[in-house]
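Some notes on the structure that comes next.
Each chain gets a letter, A, B and so on, in the order the sequences are listed, and its residues count up from 1.
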2 protein chains.
Amino acid sequence: MSLREKKVAKRKKDLIMSAIAIIGEKGYHSTTMEEIASKLLMTKGSIYYYFKDKQDLVYQSQKILLEQSNENIEEVLSEDLPYDEKLKKVMVVHIEYLITEQSGFVMGTNPEQFFSGKQLETILMLRDRYGNYIKQLIAEGVKEGFFTEVDEKIVRNIILGAMNWVVTWYSPNGPMDKTTLAKSISNYLLKIVLK
Amino acid sequence: MSLREKKVAKRKKDLIMSAIAIIGEKGYHSTTMEEIASKLLMTKGSIYYYFKDKQDLVYQSQKILLEQSNENIEEVLSEDLPYDEKLKKVMVVHIEYLITEQSGFVMGTNPEQFFSGKQLETILMLRDRYGNYIKQLIAEGVKEGFFTEVDEKIVRNIILGAMNWVVTWYSPNGPMDKTTLAKSISNYLLKIVLK
DNA sequence: CAATTTTTTGAACATATATTCAAAAATAAA
DNA sequence: TTTATTTTTGAATATATGTTCAAAAAATTG
């Protein structure tokens with residue numbers, strides 16, 4: 001990648017990050033191109049030099065968040081840990097990432113509302129992949145006798161819901177820092193699968 | 001209330017219900033006055049005979065949902081049941097109501113995004129009231145020795161998150177009807193507080 | 001039935017914001 | 001430094017949808 005290409009890539013990423021931050025705070029529709037641009041001291045017009053349209057920018061933002069989530073979980077899964085600790089770590093990493101990016105809102109909503117066609121397909125695929133990792137982890141934990149028998153799909157969704165909900169009530173001014181909170185939540189959730 | 005007043009009240013309620021249904025499906029911003037009206041074979045212009053503006057209509061929709069939720073939980077709380085069964089029933093009723101109204105989306109989001117001033121105050125008050133009921137129920141259950149010691153706030157939020165998330169993944173075509181699903185979820189969640 | 005009141009209509013209007021684009025500015029290449 | 005290329009700008013445009021309103025239709029009343 002040439003120097004110029006790198007610069008373009010960086011600008012794109014800056015815009016995506018700006019979009020993520022504001023969308024996380026205000027939601028898809030209330031986030032204007034104006035705001036996304038002005039956060040980087042640009043005018044909205046120049047966003048169109050990098051992205052086809054708003055949809056394109058938002059799509060790429062969501063895609064990056066989901067890809068990062070998948071990378072996060074893949075890394076944890078590859079570690080050599082007992083099932084209970086591994087599941088716990090998966091949860092902690094998930095919650096911490098969510099709080100840092102405040103990305104829960106859009107991620108959580110049904111993407112059908114925002115995307116369609118090929119874009120929707122990709123988003124759903126990434127979501128599915130993530131969900132499957134967790135379902136898989138639970139299933140294996142059960143099989144290996146670490147966890148009690150459960151309906152993996154339902155329990156997976158309970159866990160995802162409880163975690164993703166955090167963005168609606170977590171306050172950085174609260175008594176707990178995000179790591180302590182993440183650990184506490186995962187401990188409670190672990191009780192669902194432990195024998 | 002005169003006959004005429006009753007008719008007006010009914011029309012208002014019809015509009016509110018129509019709004020709830022579409023907002024539950026599409027979200028706040030994607031729901032147009034046009035759609036809300038056309039569901040009742042009206043034109044959007046005539047909504048303004050009943051409501052000041054879109055904000056007013058949407059606010060009243062959300063308010064009614066929250067008020068109904070509070071009534072639901074109050075009824076369960078007043079029943080004479082052991083703590084574990086009572087908490088379970090609270091959860092089942094919550095999930096069933098959520099699925100029926102598909103109201104999770106807007107309810108879940110931070111209302112700061114949609115409301116302000118007196119409206120926001122009322123919405124937050126209703127949400128708080130609901131949350132407090134659950135926190136209270138958990139705290140009492142602990143005190144009476146039915147439940148194990150937990151951080152009631154965190155556990156309350158875990159439970160709310162897991163439940164509210166259901167709207168994002170429940171499908172009426174799935175293998176479980178909503179009652180079976182609601183029972184299953186509450187059983188798993190109960191494990192968090194049981195000794 | 002005639003007069004009055006309520007309700008609906010549909011077009012006109014207002015507004016917000018996404019998008020386009022020609023020109024200017026900044027950057028890189030020669 | 002001159003020329004060519006990339007990037008930004010800001011105004012103009014397009015569009016979608018909330019809102020208003022005078023007139024028509026429907027319902028009610030006496």
* Structure fact -> note: B/Ile23, atom CD1; D/dT17, atom C1'; distance rounded to Å ~ 15 Å

* Just checking, is any N or O donor in the side chain of B/Thr32 or B/Glu35 under 3.5 Å from an acceptor N or O on the other one? -> yes

* Calculate the interatomic distance between A/Lys12 atom NZ and D/dT7 atom P; express it in whole Å. => 11 Å

* Quick one: A/Lys26 NZ to C/dA16 P, roughly how many Å, whole number? -> 14 Å

* Taking the side chain of A/Tyr49 as heavy atoms from C-beta outward, which of D/dT19, C/dT9, D/dT8 is closest to it? -> D/dT8

* If you check every side-chain atom of A/Met33, which of D/dT7, D/dT19, C/dA18 has the closest atom? -> C/dA18

* Structure fact -> Note: for B/Ser30 and A/Gly45 on DNA chain D, the residue whose nearest nucleotide lies more 5' is A/Gly45

* Nearest-angstrom distance from the residue atom CG of B/Asp14 to C1' of C/dT7 -> 15 Å

* To do: Ignoring hydrogens and angles, state whether a donor on the side chain of A/Tyr170 or A/Gln102 is under 3.5 Å from an acceptor on the partner side chain.
  => no

* To do: Verify whether one side chain among A/Gln60 and A/Asp56 offers a donor that lies under 3.5 Å from an acceptor in the other.
  => yes

* Asked: Any side-chain N or O of B/Tyr48 under 4.0 Å from OP1/OP2 of D/dT20?
  -> no

* To do: Take the protein atom NZ of A/Lys6 and the nucleotide atom C1' of C/dA28, then report the distance between them rounded to whole Å.
  => 17 Å

* Structure fact -> Side-chain atoms of A/Met42 come closest, of D/dT8, C/dT7, C/dA18, to D/dT8

* Structure fact -> Separation of D/dT19 atom P from B/Tyr50 atom OH, nearest Å, is 18 Å

* Asked: How is B/Phe51 classified with respect to the nucleic acid when contacts are heavy atoms under 4.0 Å: base, sugar-phosphate, or nothing?
  -> nothing

* Just wondering, are more than 12 heavy atoms of other shown residues or ligands nearer than 6.0 Å to NZ in A/Lys89? -> no

* Starting from P on D/dG10, measure out to CD on A/Glu34 and report it in whole angstrom. => 11 Å

* Within less than 4.0 Å of OP1 or OP2 of C/dT6, is there a side-chain N or O belonging to B/Arg11? -> no

* Structure fact -> When rounded to whole Å, the CD to C1' distance for the pair B/Glu35 and D/dA16 reads 12 Å

* Structure fact -> Picking from D/dT8, C/dT8, D/dT19, the nucleotide nearest the side-chain atoms of B/Ser46 would be C/dT8

* Structure fact -> Which of D/dT9, D/dT28, C/dT6 is nearest the side chain of B/Lys7? It is D/dT28

* To do: Find which nucleotide of DNA chain C each of B/Val8 and B/Lys44 is nearest to by heavy atoms, and output the residue with the more 5' nucleotide.
  => B/Val8

* Asked: Can you tell me if B/Tyr28 and A/His29 form a side-chain donor-acceptor pair at under 3.5 Å?
  -> no

